[in-house]
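Scope of the values below: all heavy atoms of this structure, side chains included, with no hydrogens, waters or symmetry mates. All values derive from a computational prediction rather than experimental measurement.
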Amino acid sequence: MKRFPMMLQLILILICVMAIPTAILTWYSGTRILGYSESAIADTSLAGLNANRELNENAMNNLAQDAVQLAGTNIFDRIRSFKTYSELNSDYIDVVSALKILNELVSLNHRVDGVYSTYFLLEGANYVVSSDRGITTLDRYEPVDWLEKALEGRRGIGGVWYPRQLDSGIKVVSYVLPLNRLSTTTRGTIVVNLRESQIGDYLSSSEPGAEGFMLLKSDGTIISHNDKSLLLTDGSKQPFIQEILRNQVREGYAFHVLEGERLLYTWSRSEQLGWWNVNIYSMDELMTKTYSLQRSIILIMGIIIFAGTILAVLLATWLSQPFRKLVLTIRERSNLVGSNKNELAFLESAFKRMQEEEEGLHALLQEREQDTRSLSIHHLLRGEVKKPIAEMFPERYYVVAIVSIDRFRRYVSKNNPETRSYHRYLLLSKCESLFPDGVHARGIYQNDGFFVFIINYGQDEQENGANGIKGALIQIRDTALDLLGHSVTTGVSSQTEFSVMIPERVAEATEAIKHRMTKGSGCIFYWKQEEERSRKYIYPTNSERRIVNFLDRADLDSILMELESISREIHSDEYISYDNILFIYNQLIGVTVKHLRENHISTSRIFAGRGNIYSAIASMDTLDELENYIRDFFTEIVQHLARRTGEANHGDRIIGYLEQNFCKEIVFEEMAKEIGISYSYMRKIVYELTGKSMIDYTNQLRIEKAKQLLMESKMTITQIATEVGYFNVQSFNRFFRKYEGMPPSSYKTSRTKTS
């Protein structure tokens, strides 16, 4: 292609460009026409119905799960002993307990959209705690006699959904959850009223041609409908609905003609609730769009093909003319080879050569600039005095100032790398210009929020007490606060007359900044020789022992008191050093972690979200920040120990429940939610205690009971299968043979002969 003239290349390229949209439109038209065929429309509509159904069920499941979690908090135990409204109001503390329950119910309302109200009815009480009317007597609240009917046929330990109409006329679907003995000893019922209109929002379809929707119970009662006058009526009387309910097909679609209009009925049945979701669409409207789309695509394709052919020739001629003139001029004025190439290939080689020359010049300038300033300063900080230093710092005296960003981790979390790089550029450029005439200052950025400024000044500034430098440092502090949104702490070294002493002055400024720990951030600290004292480290050994003892008892209040005692001791020592403070808290953390591990407590679970604790302590600026971190550290430990103790009796509760209810249908997932643990963790507990899975252990209990009934009763095998929890004789025979090696009839015969 490099040898073909550019005009011919452009014509070919433009024709291809015009051909691609034509191919795309052809593919698009075929796909869309197929998509709007009857079967594809039905499949798409059914998928949309299932998506809306799952959205509605997820919202209802979330609401039910929130209610179950609230039931497992034991918060209702606070009013268990108050059966009358007057007893509850007799004491302020009791009223506060009821108000806490009310707050939890109100909070439950806000977790899922569309909740109208939530209330709790204590068994045998004459009052109700509700989110809509507060704490009131039953005679002033809506009737609750419908609860018994709602709970008919309830299976397992979960709640039930029941559609109804409130006294106010509002249609709701109520979730009724009786408190279970696995979670609390209190008897009562939680009722959450979800607006029918919210369910309608989930189920209504925005697809073209949608004419209506309905949600029905398994018996045909309408739970939700776009026509609100049909709510809670018999849905089987609606056109074609009886056929859907009678066929019992879980999901599908069918075409029907009603009053001369062809309709698409799609339905899907919920496996969890047994409810029927039905959507109705107008096929006539949907197919009209298909025909219109076909005609539009054919017309567009004809226009593109005709116009593309003409434009390809015109654009190729017009676009190639400036290029051909440019190439002719470059060839006449340069010595570039490649005259046998076409215009585009020639321009590519010419611009590539220009780019290489420009990059070479830029690299040389950049290297020169770096050598004359930043690189020289970096060398100086390492004690290497290069030739440009004398030009940059011509005066006699030197000091080093280090500006450190306070709460650097918070600053990093709020600003992305590009913003931080821009802040560094602005701060360095502005701060260097703040120093007075006769003072030469150059700064560079080092890691972890540190800016190093080398300040060079003469005799005049020295005789003036370096007041100009001090004023400039104050302006740097204020400028950094405005620019970064964070305060800065500055450490200033002592004076020197020798540039080779700069590394030692950097160390002095770094030590001065450490005073931020005890004296607070946002200050300017000047290094003084007399502040360096050789003193023995202090360490609260007695407090350490007491904290470890309090950990064994999970006594958080006493631990916090000991931490306050350590804090007072640190604040009372006027000359305590930064290193001594870090030593105290690092040692205290190390002893605590060692004690936990010696007691076989997993520290990885406790501190999973904290990262490296010692690095976090070392990065803190002030003593208050460090003390808050240590208090949170011990609070997490004690809370973990408390949760660990509360989980110790899960095994006894699980095994006891299985042994008492193995003849019933047990929903293990709901059982785990009631206990407050995960299903996988519950399976692990049962396996560790019995050596069997939960299903095997339950079946073993059933077979043992069946063996007893075979020998001691006159019940038939069918009756025994039902009695021990099997729905049919085939399942009973299969499990009996699995555990005993023979069918139940053979077992009874062999035992009878032996006896």
Can you check whether Glu123's main-chain N or O pairs, donor with acceptor, with Lys83's side chain at less than 3.5 Å?
yes
Between Asp234 and Thr221, is any pair of side-chain heavy atoms under 4.5 Å apart?
no
Could you walk me through whether Asn56 and Gln198 pass the side-chain hydrogen bond (donor to acceptor under 3.5 Å, both in side chains) check?
CA-CA 9 Å; Asn56 179 52; Gln198 182 64 36; over 6 Å; no
Give the intermediate values and the outcome of salt bridge (Lys or Arg N to Asp or Glu O under 4.0 Å) for residues Glu564 and Arg631.
CA-CA 9 Å; Glu564 288 293 334; Arg631 283 194 290 269; 3.5 Å; yes
Other residues, nucleotides, ligands: >12 heavy atoms within 6.0 Å of Arg597 CZ:
no
Quick check: do Asp696 and Thr690 have side-chain heavy atoms less than 4.5 Å from each other?
no
Can any side-chain N or O of Glu148 pair as donor or acceptor with the backbone N or O of Asp145 at less than 3.5 Å?
no
Between Asn728 and Ser731, a side-chain donor and acceptor under 3.5 Å
yes
Any side-chain heavy atom of Val129 within less than 4.5 Å of one from Leu121?
no
Between Tyr679 and Arg683, is there a cation-pi geometry (under 6.0 Å to ring centre, at most 45° from the normal)?
yes
Check whether more than 12 heavy atoms from other residues, nucleotides or ligands sit under 6.0 Å from atom CG of Leu99, and answer yes or no.
yes
For side chain to side chain contact (heavy atoms under 4.5 Å, CB included), just list the numbers for Leu55 and Leu203, CA-CA rounded to whole Å, side-chain angles, deciding distance to a tenth of an Å, and then say yes or no.
CA-CA 8 Å; Leu55 176 64; Leu203 298 180; over 6 Å; no
Which heavy atom of Leu49 sits nearest a heavy atom of Ser268, and at what distance?
CD2-N, 3.7 Å
Exam field: side chain Thr136 to backbone Arg140, donor-acceptor pair closer than 3.5 Å:
no
Step by step, would you call Phe634 with Thr592 a side chain to side chain contact (heavy atoms under 4.5 Å, CB included)?
CA-CA 9 Å; Phe634 281 100; Thr592 302; 3.4 Å; yes
Name the orientation class of the two ring planes belonging to Tyr726 and Phe735 (parallel below 30°, tilted from 30 to 60°, perpendicular beyond 60°).
parallel
For the residue pair Thr84 / Ser86, report whether a side-chain donor-acceptor contact shorter than 3.5 Å exists.
yes
Can you confirm whether the side chains of Thr622 and Asp624 place a donor and an acceptor under 3.5 Å from each other?
no
Could you report the tightest heavy-atom contact between Gly235 and Ile222, atom names first, then the distance?
CA-CG1, 3.5 Å
Let me confirm one number: the CD1-CD1 distance from Ile547 to Ile559, rounded to the nearest 0.5 Å.
7.0 Å
Is any side-chain heavy atom of Tyr585 closer than 4.5 Å to one of Ile570?
yes
To the nearest 0.5 Å, atom CZ of Arg53 lies from atom CH2 of Trp276 at 11.0 Å
Could you measure the distance from the CZ atom of Phe550 to the CG atom of Leu560? Nearest 0.5 Å is fine.
11.0 Å
Do you know which two heavy atoms are closest between Tyr175 and Gly158, and how far apart they sit?
OH-C, 4.4 Å
Is it the case that Asn193 and Ser117 place a side-chain donor and acceptor less than 3.5 Å from each other?
yes
Does NZ or CZ of Arg164 come closer than 6.0 Å to the centre of the six-membered ring of Trp146, within 45° of the ring's axis?
yes
Check the side chains of Arg545 and Asn542 for a donor-acceptor pair under 3.5 angstrom, ignoring hydrogens and angles.
yes
Are any of the side-chain heavy atoms of Ile655 and Tyr657 separated by less than 4.5 Å?
no
Side chains of Val144 and Val128: closer than 4.5 Å at any heavy-atom pair?
no
Is it the case that the side chains of Tyr539 and Glu544 hold a donor-acceptor pair, with the cut-off being a distance below 3.5 Å and no angle test?
yes
Does the side chain to side chain contact (heavy atoms under 4.5 Å, CB included) test come out yes or no for His225 and Leu215, once each step is laid out?
CA-CA 6 Å; His225 198 288; Leu215 176 64; over 6 Å; no
Met561 backbone acceptor or donor facing Ser565 side chain under 3.5 Å:
no
Before accepting this row, confirm whether a basic side-chain N of the pair Glu271/Arg250 lies closer than 4.0 Å to the acidic partner's carboxylate O.
yes
Thr137 vs Asn126, test: side-chain hydrogen bond (donor to acceptor under 3.5 Å, both in side chains). Steps then yes/no.
CA-CA 6 Å; Thr137 56; Asn126 70 341; over 6 Å; no
Output for pair (Leu623 CG, Ser567 OG), nearest 0.5 Å, gives 5.5 Å
Donor-acceptor check, side chain of Arg702 to backbone of Phe662, threshold 3.5 angstrom: yes or no?
yes
Do the non-hydrogen side-chain atoms of Arg195 and Val115 ever get within less than 4.5 Å of each other?
no
If only side-chain N and O atoms count, and only distance matters, is there a donor-acceptor pair under 3.5 Å linking Glu57 with Ser270?
yes
Donor-acceptor contact below 3.5 Å, side chain Thr118 vs main chain Ser131:
no
Rounded to the nearest 0.5 Å, what's the gap from CD1 on Ile79 to CZ on Phe82? Could you check?
8.5 Å
Steps toward side-chain hydrogen bond (donor to acceptor under 3.5 Å, both in side chains) verdict (Tyr202, Asn277):
CA-CA 11 Å; Tyr202 290 138; Asn277 294 73; over 6 Å; no
Test of ring centre spacing under 6.0 Å for Phe736 and Phe732
yes
Give the C-alpha distance, both sets of side-chain angles, the deciding distance and a yes or no for side chain to side chain contact (heavy atoms under 4.5 Å, CB included) between Ser218 and Trp275.
CA-CA 5 Å; Ser218 57; Trp275 294 353; 5.8 Å; no
Could you tell me whether Glu712 and Lys707 have a side-chain N and a carboxylate O separated by less than 4.0 Å?
no
How far does CG of Asn549 sit from CD of Glu562, to the nearest 0.5 angstrom?
10.0 Å
Surrounding NZ of Lys228 (heavy atoms of other residues, nucleotides or ligands, distance under 6.0 Å), is the total greater than 12?
yes
Indicate yes or no for a side-chain donor-acceptor contact from Thr73 to the backbone of Leu70 under 3.5 Å, with no hydrogens or angles considered.
yes
Beyond-backbone contact of Glu723 with Lys705, side-chain heavy atoms, under 4.5 angstrom
no
